[in-house]
Amino acid sequence: MTSSTNGTFDRKPLIAGNWKMNMDHVQGITLLQKLAWTLADAEHDFARVEVAVFPPFTDLRGVQTLTMGDDLPVRYGAQDLSAQDSGAYTGEISGQFLSRLGCSYVLVGHSERRALHGESDALLATKVAAAYRHELTPVLCVGEGLEIRQAGTHVQYTLEQLRGSLEGITAEQAATLVVAYEPVWAIGTGEVAGPDDAQELCAAIRTELGLLYDADIASKVRVLYGGSVKASNVAQILAQRDVDGVLVGGASLDAAEFANIVRFEHHLVTD
Ligand SMILES: O=C(CO)COP(=O)(O)O
C-alpha cells in the first residue's frame with residue numbers, strides 16, 4: 001500500500017473530495033455535516049487518514065464557520081486561485097483570501113481548468129508559487145487524455161506537465177507539495193485506471209521529483225490518484241506503494257459513499 005500490508009503508511013494518506021461546481025452553500029454545509037457525523041460515528045482516526053474537501057468558493061465561508069464552530073477535523077481547500085495577490089483582476093480569487101478563510105489546500109491545474117480555461121503549465125507554475133506565498137498547500141493536478149494514453153506517451157506527457165508546472169518552485173516548497181495524477185479519460189467516465197496504471201504514474205512522478213529535487217523530498221511528497229474512484233475500487237488503488245491518497249469527484253457528493261472511501265482500510269478484505 002501507500003503503506004504496506006502491515007498497516008503502516010510511508011506517508012499519511014489523504015482522501016480528498018473535489019465537489020467541482022456542485023453544492024450551493026446550504027447544500028455544502030449539509031453534506032459536510034453528514035460526512036462529519038458519519039465519520040464520527042465510525043470513530044474515524046483523522047490523524048491516521050486525513051480528509052479534505054474542495055467546495056466551490058461561495059461555500060468556503062460556511063465551511064469555515066462549521067469546522068471551527070464544531071471543531072471538525074476535516075481540512076478544506078479551494079478548487080483554484082489567482083496567480084496574482086490583489087488588484088484589477090475581475091472575477092479572480094487571491095490566495096490571501098483563501099488563507100484567511102482557513103483553507104489548508106488549493107487545487108492547481110485540474111484538468112477541467114487546463115482544458116476549459118486554457119491553463120498552461122507556465123501559468124500553473126505561477127499559481128503554485130502564489131499558493132506557497134499564502135501558506136496554502138497546492139494540490140497540483142497532472143494527467144493525460146485518451147489520445148496520449150493510446151499513443152503510449154502518457155508517462156512522458158504527464159512528467160512534462162509536472163516539470164512545467166513546478167518551474168521556479170524551490171526544494172523547500174516542494175517538500176510539502178501534493179500531486180494528483182488524474183488521467184482525463186478516467187474522470188467522470190466510470191473508467192478507472194487500473195491499480196497498476198495508477199502505481200506506474202505515481203511512481204514515475206515520485207522518481208521525477210527525485211530528479212528535480214532530491215530523494216528525500218520525493219519520499220515526502222504525497223501523490224494521489226483521481227478518476228472514477230468509488231468505495232468499491234479505492235482499496236485496490238490505495239494498496240499500491242506509491243499511491244498516497246485519492247482525489248474523488250462524483251463520489252464525494254454522497255456523504256455515505258465518501259465516508260466509505262475514507263474508511264478504505266475497513267474494506268480491504270471484502271473488496
Ligand atoms: O476530477 C476528479 C477529481 O478531481 C475525478 O472525478 P470523478 O471521481 O467524478 O471521476
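Positions are given from 1, in the same order as the sequence printed here. All ligand and atom numbering here is 1-based and tracks the order in the structure.
Taking distance alone, with nitrogen or oxygen atoms compared against 3.5 Å, Asn18 approaches ligand 1 more closely than that limit. Residue contacts with ligand 1: Glu112 is placed with no nitrogen or oxygen under 3.5 Å of a nitrogen or oxygen of the ligand (distance criterion only). Close N/O approach between Gly226 and ligand 1 is not found [any backbone or side-chain N/O within under 3.5 Å]. Looking at Ala251 next to ligand 1, no N or O pair under 3.5 Å apart turns up.
Summary of contacts: the protein heavy atom closest to atom 10 (O) of ligand 1 is Gly188 N, 2.6 Å. Gly249 N, 2.9 Å is the protein heavy atom nearest to atom 8 (O) of ligand 1. In terms of protein heavy atoms, atom 2 (C) of ligand 1 is closest to Glu182 OE2, 3.2 Å.
The atoms of ligand 1 that sit less than 4.0 Å from any heavy atom of Ala186 are 10 (O). Residue Leu247 approaches ligand 1 through these ligand atoms, each under 4.0 Å from one of its heavy atoms: 3 (C), 4 (O). Annotation for ligand 1: atoms under 4.0 Å from non-hydrogen atoms of Ser228 are 7 (P), 8 (O), 10 (O). Atoms of ligand 1 lying under 4.0 Å from at least one heavy atom of His110, given by number and element, are 1 (O), 2 (C), 3 (C), 4 (O).
Compare Ser252, Pro183, Gly250 by their heavy atoms: the one nearest to atom 9 (O) of ligand 1 is in Gly250.
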*When you look at Asp10 and Arg206, which way does the salt bridge (charged side-chain N to carboxylate O under 4.0 Å, His left out) test go after all the steps?*
CA-CA 13 Å; Asp10 295 335; Arg206 194 176 310 287; over 6 Å; no
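Not one N or O on the side chain of Asp41 forms a donor-acceptor pair closer than 3.5 Å with the backbone of Thr38.
Under the 4.5 Å side-chain criterion, counting only non-hydrogen atoms from C-beta, Ser111 is in contact with Ile187. Side-chain contact between Asp216 and Lys220: present, with at least one pair of heavy atoms (C-beta onward) separated by less than 4.5 Å.
For Gln33, the CD atom sits in a packed shell: over 12 heavy atoms of surrounding residues, nucleotides or ligands are nearer than 6.0 Å. When the shell of 6.0 Å around NZ of Lys34 is examined, it contains 12 or fewer heavy atoms from other residues, nucleotides or ligands.
For Glu50, the side chain to side chain contact (heavy atoms under 4.5 Å, CB included) criterion is met by Lys12, Leu14, Arg75, Tyr105, Arg222, not counting sequence neighbours.
One side chain, Gln199 or Asp242, offers a donor N or O that lies under 3.5 Å from an acceptor on the other.
Partner Ser99 forms a side-chain contact (heavy atoms from CB on, under 4.5 Å) with one of Val106, Leu136, Leu81 and no other, that one being Leu136.
Within the 4.0 Å heavy-atom shell around ligand 1 one does not find Lys230.
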